[in-house]
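Following: one structure in structure tokens, then a few remarks.
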Amino acid sequence: MKLIGSLTSPYVRKVRIVLAEKKIDAEFLIDSPWVEGNNISQLNPLGKVPVLVLDDETTLFDSRVIVEYLDNAAPNNRLIPQANRERIAVRRWEALADGVSDAAAAAFLEAKRPDNERSNSWIGRQRQKVALGLAEMERELGENAWCHGNSFSLADIAVACSLGYLNLRFADLNWAEQHPALAKLYEKLMQRPSLIDTVPQG
Ligand code: GSF
């Protein structure tokens, strides 16, 4: 099994953490869709990472499909509950966290465009999604020890990847100051080797 991805992507980090927590071996091939001559489009027509290449050469994307496959590929350390409402609650957390990452990545990319092409209103719109998404995560986490239920799950992994991505791309946002519950959760999650070993390298 091969995971293709970059060291900065929050979605690639999510898959790397799931692989480590499930104790599933996979070769990690670093390739970025932003690097000239990358061959990601041969593996994923959408030209995005992560892509998981199975031993039978099947290619899986996107990160949500990959993590569901991995969670079901090994019986240990279940990260996605099986009961419908529980499973959906965890996937909704993942959608919220990934959505914050989507908006942060869009704002980051837009800010890199040349002056005469950049839309500041578009950046503002994306940063608003980040702000409201963070506020909702903070509200729903509240005093709970974990994002969902009373144990570590994919919800915590997705939230941690989104927060770690904000640290990388929007340190000025200082999300931890405004969101103490998320800050406490991130500090706790960052004790796990699966997170320590995958902190995004700018
Ligand atoms: C998002 C992947 C993505 O946007 C998933 O895997 O969950 N829904 C997908 N990946 C970015 C890299 S990074 O921002 O994480 C990507 O590959 N962008 C290249 C492009 O052409 O948009």
Those residues that, when tested against Tyr165, pass ring pair (Phe, Tyr, Trp, His ring centres under 6.0 Å) (two or more places apart): none
Would you mind listing every salt bridge (charged side-chain N to carboxylate O under 4.0 Å, His left out) that reaches into [range], with sequence neighbours excluded?
range	result
residues 31-49	none
residues 157-178	Arg127-Asp172
residues 107-117	Glu110-Arg113, Arg113-Glu117, Asp115-Arg118

Qualifying residues under side chain to side chain contact (heavy atoms under 4.5 Å, CB included), relative to [X], sequence neighbours excluded:
X	result
Ser63	Tyr11, Lys14, Val15, Pro50, Asp98
Ala145	Lys188
Leu54	Met1, Leu52, Asp56, Thr58, Leu60, Tyr69

Taking side chain to side chain donor-acceptor pair (under 3.5 Å) as the cut-off, I'd like each qualifying pair that reaches into residues 129-140, sequence neighbours left out, listed once. Arg92-Glu140, Glu136-Arg139
Would you compute the distance between atom [atom1] of [X] and atom [atom2] of [Y] and round it to the nearest 0.5 angstrom?
X	Y	atom1	atom2	answer
Leu182	Lys184	CG	NZ	11.5 Å
Leu163	Leu134	CG	CG	6.5 Å
Ile24	Leu3	CD1	CG	11.5 Å
Leu154	Arg64	CG	CZ	10.0 Å
Gln201	Leu168	CD	CG	9.0 Å
Glu94	Ser162	CD	OG	11.5 Å

Smallest separation among heavy atoms of [X] and [Y], with atom names:
X	Y	answer
Ala103	Val130	CB-CG2, 3.8 Å
Val90	Ala155	CG1-N, 3.7 Å
Asp156	Ser151	OD2-O, 3.7 Å
Ser6	Val12	O-CG1, 3.4 Å
Leu195	Ala160	CD2-CB, 3.5 Å

Single-linkage hydrophobic cluster, 4.5 Å side-chain cutoff, Val65 and Leu96 together: no
Strictly by ring-ring contact (aromatic ring centres under 6.0 Å, His included), give each pair with a member in residues 176-202 just once, sequence neighbours left out. Trp175-Tyr186
ring-ring contact (aromatic ring centres under 6.0 Å, His included) pairs touching residues 72-118, sequence neighbours excluded, are none
Taken in chain and number order and not counting sequence neighbours, the residues that satisfy side chain to side chain donor-acceptor pair (under 3.5 Å) with Ser119 are Ser121
Side-chain heavy-atom pair Val199, Arg13 within 4.5 angstrom cut-off: yes
Sequence neighbours left out, cut at 3.5 Å: what donor-acceptor pairs do the side chains of residues 73-82 make with other protein atoms?
from: Asn76; atom 1: ND2; to: Lys22; atom 2: O; distance (Å): 2.9
from: Asn77; atom 1: ND2; to: Glu21; atom 2: O; distance (Å): 2.6
from: Arg78; atom 1: NH1; to: Asp71; atom 2: O; distance (Å): 3.4
from: Arg78; atom 1: NH1; to: Asp71; atom 2: OD2; distance (Å): 3.1
from: Arg78; atom 1: NH1; to: Asn72; atom 2: OD1; distance (Å): 3.1
from: Arg78; atom 1: NH2; to: Asn72; atom 2: OD1; distance (Å): 3.4

